[in-house]
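Treat the numbers as computed from the prediction; the structure is a model and nothing was measured. First the proteins, then the strands, lettered A, B, ... as listed; each starts at 1.
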There are 2 protein chains.
Amino acid sequence: MEKLKKNRRTYLILRDVIAEKIASGFYQANQRLPSERELAEELQTTRLTLRDALFQLEIEGKVFRMDRRGWYVSGKRLSFDIGLDKGFMTNVSDQGYIPTTELIFCEEEAASGMLAEALNITKGDPVYHIQRKRSINNRPVLIEDIYLDLSRYPGLHHANLDSSLSVVLADIYGIKVKYSDIQITPIAFNDLHAKSLHVSPGTPGTLITRTSYDADCKVMEFDQEYWLSDVLRVELRTSNKY
Amino acid sequence: MEKLKKNRRTYLILRDVIAEKIASGFYQANQRLPSERELAEELQTTRLTLRDALFQLEIEGKVFRMDRRGWYVSGKRLSFDIGLDKGFMTNVSDQGYIPTTELIFCEEEAASGMLAEALNITKGDPVYHIQRKRSINNRPVLIEDIYLDLSRYPGLHHANLDSSLSVVLADIYGIKVKYSDIQITPIAFNDLHAKSLHVSPGTPGTLITRTSYDADCKVMEFDQEYWLSDVLRVELRTSNKY
DNA sequence: AAGTGGTCTAGACCACGTC
DNA sequence: ACGTGGTCTAGACCACTTG
């Protein structure tokens, strides 16, 4: 590797060099890259400049980090059709990946003002808060917070929450989603959520917020999904309004 | 400003200090922050660490950069309801901001393979390519590429493309959008698009791709919008499927 | 012309993951 | 215990924007 020019966007050149090695298959999907010090030496540059190049590739979704574990080559993005209510597990396995869900906690708590508004209840009312971590091929890719109006779902504590919640609500309570209001916001992971996903605080994320309504147009659940941006592509078809 | 501890995520502390000054109104929306060197001195740190803090705030959407011009405090995000086909101009002005559109170019070109597929025509067929830059309160926030099957829209060259394209298509050709297929993908700005928006290459962006269909379910247009992530929140309601 | 942000150098120590 | 990535220092020059 010959010496590159100084002070002239070296990191963009390095970015392209590494991107090319990924495109050509020299580095394979999900493979760990050599250590930063090795790569920097191989490319005749400093660690700092090399890291700039890797950050670029990270934002582009071509590599990802596991905090303090190293850099890995990203796989294909998950295509997430938000109009179908397919659920995470089905959606991921349909695309040939292995999904897993881990329940982090579920507990009763008093509704905050924001939650009360979202669930259309009174502040301080009991809500059921479920937090789950979901992975694709063993890589954690999203943290999900689900909030339910506890008075609507007596005995929910006993249900198995590792799989699809909508199946549970349909089977036990006979309640199905009619439609949902959804917000998609680009965000940065905060320190807590970042830690859960083994990434650095500030990693680019996509927050998908969903308020689901049942056949009576009553709020069924309020849901916040914090996705790592590089794994995701959202798809949808607008409804026909004519 | 007292001296902070070494080697201990100083930049996260600095991030919070600056975020607090923004939240408290000490720094107002759209105001330019002091120069990096000034801020670093004021906060008793190095420019590099200070920049780490600013990058964090950038990913969080709390500040933004104009390339080589400095750091600015972000305003409220634009809420973009993707189900309504309100159009950029109306949408922005409804939320109290001033929208502008600048035509960068429009030209006839031969369809690439990808385009031919999207427009359901044959590779090499003539397409009309329109590129526009759109701004909110004078800040450029998105680059838009529109592709049209030229054989469907004879004489399109003469139309005024500064305003709404859908209005043009409806008024002149009597064609209206029935539904659209949409993809939302987190991306990084490439060097070209970054330059157009006065941001650095690699700035986080959101690509919204839209294929619009008319009443006969024929493709009307294919559209790629490259948004700066920090200005945007996408909203939608899933269609009722029961 | 001055000042700014953008990039880069050549180191260093720390906390954590892995063995 | 070792190596890794994460963070930080104290500079420097360049390209560009602004006055």
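- Note on D67(B): only backbone sugar-phosphate atoms sit closer than 4.0 angstrom, heavy atoms only; bases stay farther off.
- Partners of Q31(B) by side chain to side chain donor-acceptor pair (under 3.5 Å), not counting sequence neighbours: none found.
- Using a 4.0 Å heavy-atom distance criterion, T46(B) is classed as a base contact.
- Between K195(B) atom NZ and dA15(D) atom P the separation is 13 Å, expressed in whole Å.
- Residues satisfying the side chain to side chain donor-acceptor pair (under 3.5 Å) criterion with K62(B), sequence neighbours excluded, are E60(B).
- A donor-acceptor contact under 3.5 Å links the side chain of R47(A) to the base of dG6(D).
- E107(B) and H129(B) share no side-chain donor-acceptor pair at under 3.5 Å.
- When rounded to the nearest whole Å, the span between CG of D191(A) and C1' of dG6(D) equals 14 Å.
- Between the CE atom of M66(A) and the P atom of dG6(D) there is a distance of 12 Å, rounded to whole Å.
- A search for salt bridge (Lys or Arg N to Asp or Glu O under 4.0 Å) contacts involving E117(A) returns nothing, not counting sequence neighbours.
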Nucleotide N/O of nucleotides 1-4 of chain D paired with protein N/O under 3.5 Å:
residue	atom	partner	partner atom	Å
dT4(D)	O3'	R32(A)	NH2	3.3

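- Rounded to a whole Å, the CZ atom of R51(B) is 18 Å from the P atom of dA10(D).
- Within residues 53-64 of chain B, no residue is approached by DNA chain C to less than 4.0 Å at the level of any non-hydrogen atom.
- R47(A) is linked by a side chain to side chain donor-acceptor pair (under 3.5 Å) to E36(A), counting only residues two or more places apart in sequence or in another chain.
- Taking side-chain N and O atoms only, Y11(B) has a distance below 4.0 Å to OP1 or OP2 of dT7(D).
- Donor-acceptor pairing under 3.5 Å is recorded for the side chains of S200(A) and R65(A).
- Between the C1' atom of dT4(C) and the CD atom of E41(B) lies a distance of 15 Å, rounded to the nearest Å.
- E144(A) pairs by the side chain to side chain donor-acceptor pair (under 3.5 Å) definition with R132(A), not counting sequence neighbours.
- The interatomic distance linking L50(A) (CG) with dA10(C) (P) rounds to 14 Å, in whole Å.
- The interatomic distance linking R15(A) (CZ) with dT7(C) (C1') rounds to 14 Å, in whole Å.
- Sorted by first and then second residue, the ring pair (Phe, Tyr, Trp, His ring centres under 6.0 Å) pairs with a member in residues 35-73 of chain A read F55(A)-W71(A), F64(A)-Y72(A); sequence neighbours excluded.
- As rounded to whole Å, 9 Å separates atom C1' of dA15(D) from atom CZ of R9(A).
- For T10(B) and dG6(D), the shortest distance from a side-chain N or O to OP1 or OP2 is not below 4.0 Å.
- S112(A) pairs by the side-chain contact (heavy atoms from CB on, under 4.5 Å) definition with M114(A), L115(A), not counting sequence neighbours.
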